[in-house]
Structures are given as structure tokens and as C-alpha cells.
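Right, one structure below, let's go through it.
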There are 2 protein chains.
Amino acid sequence: MGRHREFDVEKALDGVLCVFWRKGYEGTSYADLTEAAGVERPALYSAFGNKEALFRKALARYYERHLHYLPEALEMSVARDVVAHILTNAVDLNTRFPEHTGCFIINGVLAGSDDAESIRQALIEARAEAEMQLRERLERAKAEGDLDETASPATLAAFVLAVTHGIAVQAKAGFSRETLTAVAEQALSTWPVGKAG
Amino acid sequence: MGRHREFDVEKALDGVLCVFWRKGYEGTSYADLTEAAGVERPALYSAFGNKEALFRKALARYYERHLHYLPEALEMSVARDVVAHILTNAVDLNTRFPEHTGCFIINGVLAGSDDAESIRQALIEARAEAEMQLRERLERAKAEGDLDETASPATLAAFVLAVTHGIAVQAKAGFSRETLTAVAEQALSTWPVGKAG
DNA sequence: GTGGTTTAATAACGGTCGTTATGAAAAATT
DNA sequence: AATTTTTCATAACGACCGTTATTAAACCAC
């Protein structure tokens, strides 16, 4: 029986999540990671694996702690409320923490070096999954008459995600919660409500 | 009178623009830059200065060659046409070149290391300048009755830029021109036309 | 043909990158 | 008390980062 692990793995991962959220995958060095986690590099490697594996664990932690509002939204009975819930919570999450604004998934990698490609693809897949889930929910809404019959669920889902991503970019640039709330409301302002809605 | 410069500075800068557009500021190494420009590092330094100065010159080149549609749009006499022109051309620019999709200004730096902060701020200012110009144009539209009197030019400008940024993120992720065109049209469908419009 | 100036390539600089070898420390078992 | 096992910190690894020193090449004036 050997030496017990001395540091709190959960707190270390929370710290790592914050610095990846603030600086992105490639902008974050091991100097940043060890400072944020409070342990030295070999201990990080031992607990989490290499940088890529660590980022993937931070991404999973982001889902656990911060993206509950997406499945919550998809459970709502009115399509407009689904989208309102998504946009409202996105604005809140992107502006709640002054030390890391914006969205972890957008901040992670947009354009990067060849070495970052696997992470970039993982983040694209994460966004595609969210969009697919929203599209399916809007298809159900349309079938239920909760969406105008000329509306395209695919287009609306892509539009909502585009606005969400744009809000993330603006939040990271320092836009205020008030401004971004107004943007979300603008997006929602002529939601194609169905006859049953 | 010494040796003449052997390489085409303009073509070198065009090549550099492409690789920064594809990989972003920090994702691009000097190995990438020398390959894209077709000259070795000391020649790049001699002609353009350090990496940061080079990126700024590439940004200026991006404006010269690709962002003509913004001043064109601002000259249009109907506000809705202004926004339509911006969104349509953004979709076109973000999807026209398969070897570098998305927007140079969004791809450059969203989140980055401390070393990239000055470039990140330069890109934020570029976006802020575009938004401010659009906001001023929309204020004029409102004064002319070309915009609903309850509409907020500031919010609409922020909304249009958010959609434009979201389109850029999606284009870089591989979304089709058709999908992004539909997103742009969806955004436009919410446009608050004025009584005179 | 020589000298002066400018440009280009090669190679290397100092530092940082992500990763790991090594020895020490801390634990439990014997 | 000694041994085994696991974890931690220090230091260093090989490679790459952005930048530059040095030498050679190409140009023009004389």
C-alpha cells in the first residue's frame, strides 16, 4: 500500500477547466495548468493523462457542471420556451464568471495548429450534437402544431446555435449581460409560433 | 544600391493571410509562414517585422481584399438591404475558399495565451468598429422612419454582428453555404421594418 | 575590377513546449 | 525496523517556438 494522493483531484480539474475556458486549448501551457490545479506536472500526468486527455476531462466537467440547461430546455412543452431557455441560460453562463467569460466549447479551439485538430473536431461534434438535439425537438414541435408549418426545424436550430455562438464570441470580447440579453430577445422576437402555440 | 528583393512581397503576404485565416494567430508557426510565403524566416522578418507585425499586415490585407461589402452596405438607402448585404456577403466570404473557411477576424484569436492578448484586443476592436458603424447607420435609419420606432439600433447592430460571428463559427466547422444562407435569411426575417420602409 | 549596400539562406540562439526519468516521501504490510 | 508500493517534486529531455548572427549573393556606382 503506497502513498495516498495528496491533492484534491476534483478541485484540480475545476481549476484546469477555468484556465482552459479562459485561454483555450493551445493558449494554455503547463505553467498555466500547474498553477490552476495547484500541483506539479508529473502529478497532473498521473491523475489525468496528457494535455489532450486532460482537456477532454475538462470538457466532460463543463457538461456536468454547466450545460444542464440544454436537456432542461428540450423537456419544455412549448418550442418558444425551449429556445428562450437556451438563449437565456447561454447569456447567463457566458457572463456569470468574470475570470472566464464566453463559452468553453467556443473558446477551446476555433482555428488551430495541426496538433489541435483532434480537439477542434471534438468541439465541433459537441456543438453538432446540441444542434441535432434541438432540431429533433423542433421537428416534434412542428408535428404538434407548435411551430409554423412553413418553418424549417433544421434552419431554426442552426439559427439558434449561430446566435448562441455569436453571443459567446461577444461575451468573450467583454459585452455586457444586458447587451447580450437584448440580442437573445431580438433573436426570439419573431419566433415562428405555430397555431397550437 | 544593393541586392534587389527577390520575392514578391504582395504574394508572400497573400500566402501569409491564408495560413493565418486557416490556423489562427497562435496556431500558425514560422514553419507554416515560410511555407505559405515561399521565403525563409530572415526574409520575412526583413520585409514584415515580427510575427505580431506580420499578422497586423495580414489583417490590413484582409480588409483591403475582402471587407469591401461593409462600406458598400452602409451606403444603401434601405436598412433592411444594409443588413441583407452584410449577411449575404459574410456567408459568401466565409464559405468561398475551401482552404480557409470562416472569418479571419474570428479565427485569429478568441481565447489565447497572454502573448496573444494584443492581437486579441486588435481583433475585438475591429469587430467593435464594424458594430459601431452599423449602429450609426441604423440610428440614421430610425431617424428617417426606415426602422420601427420601438427598435433599438444598438441591439439590432449587436444582433446582426452576433449572427455574423455565429455564421463564421459554423462555416469554420464545415457548414454548407446553403445552411448558412438559410440562417442569414432567418435572421433577416425578424427585421423590424419601419413605416417608411 | 573593386567597394559599398542590400537581400537571402543557413544555422543557431535562448526560451518554452509537452512529456518523463529519477530520487525522495509517505503510506501500509510484514 | 525493513520492505514494498504509490505518489510527489525536481530536473531534464527532445522538439519546437520566435528571433537573429553570420556568411554569401546580387545589385549599382565608380
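Model, not experiment: these values are computed from the prediction. Chain A is the first sequence line, chain B the second, and so forth, proteins listed ahead of strands; every chain is numbered from 1.
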More than 12 non-hydrogen atoms from neighbouring residues, nucleotides or ligands closer than 6.0 Å to CD on Glu64(A), yes or no? yes
Taking only residues two or more places apart in sequence or in another chain, which ones pass salt bridge (charged side-chain N to carboxylate O under 4.0 Å, His left out) with Glu178(A)? none
Tell me whether Arg140(A) is salt-bridged to Glu136(A), with the criterion being a basic N under 4.0 Å from an acidic carboxylate O. no
Considering heavy-atom distances to DNA chain D, does Tyr45(B) or Ser46(A) have its closest nucleotide positioned more toward the 5' end? Ser46(A)
Lys/Arg-Asp/Glu bridge criterion (N-O < 4.0 Å) met for Glu131(A), Arg135(A): no
Could you verify whether a donor N or O on one side chain and an acceptor N or O on the other, from Arg127(B) and Thr164(B), lie under 3.5 Å apart? no
Short question: side chain of Lys142(A), backbone of Glu149(A) - any donor-acceptor pair under 3.5 Å? yes
Inspect the contact between Asp14(A) and Arg65(A) and indicate whether a charged nitrogen and a carboxylate oxygen are less than 4.0 angstrom apart. yes
Among residues two or more places apart or on two chains, list those pairs meeting ring pair (Phe, Tyr, Trp, His ring centres under 6.0 Å) that have a residue in residues 83-104 of chain A. Trp21(A)-Phe97(A), Trp21(A)-His100(A), Phe55(A)-Phe104(A), Tyr62(A)-Phe104(A), His66(A)-Phe97(A), Phe97(A)-His100(A)
Whole angstrom value for the distance that separates P of dC17(C) from CG of Leu44(A): 14 Å
Near DNA chain D, counting only heavy atoms under 4.0 Å, which residues of residues 3-17 of chain A show up? Arg3(A), His4(A), Arg5(A), Glu6(A), Phe7(A)
Please determine if Asp146(A) and Arg80(A) form a salt bridge, counting it only when a charged side-chain N lies under 4.0 Å from a carboxylate O. no
Lys51(A) to Tyr30(A) six-membered ring, cation-pi geometry met (6.0 Å, 45°): no
Please give me every residue in residues 27-39 of chain B whose heavy atoms get under 4.0 Å of an atom in DNA chain D, ordered by residue number. Thr28(B), Ser29(B), Tyr30(B)
Any donor-acceptor pair under 3.5 Å linking the side chain of Lys172(B) with the backbone of Ile167(B)? no
Boundaries of the DNA chain D segment in contact with chain A, non-hydrogen, under 4.0 Å: dT5(D) to dT10(D)
Within this structure, what is the CZ-CG distance for the pair Arg61(A) and Leu13(A), rounded to the nearest 0.5 Å? 4.5 Å
Restricting to nitrogen or oxygen on both sides, can you table the protein-nucleotides 11-14 of chain C pairs closer than 3.5 Å?
none

Return the value, rounded to whole Å, for the distance between atom CD of Glu52(A) and atom C1' of dG18(C). 12 Å
Side chain of Arg137(B), backbone of Met76(B): donor and acceptor closer than 3.5 Å? yes
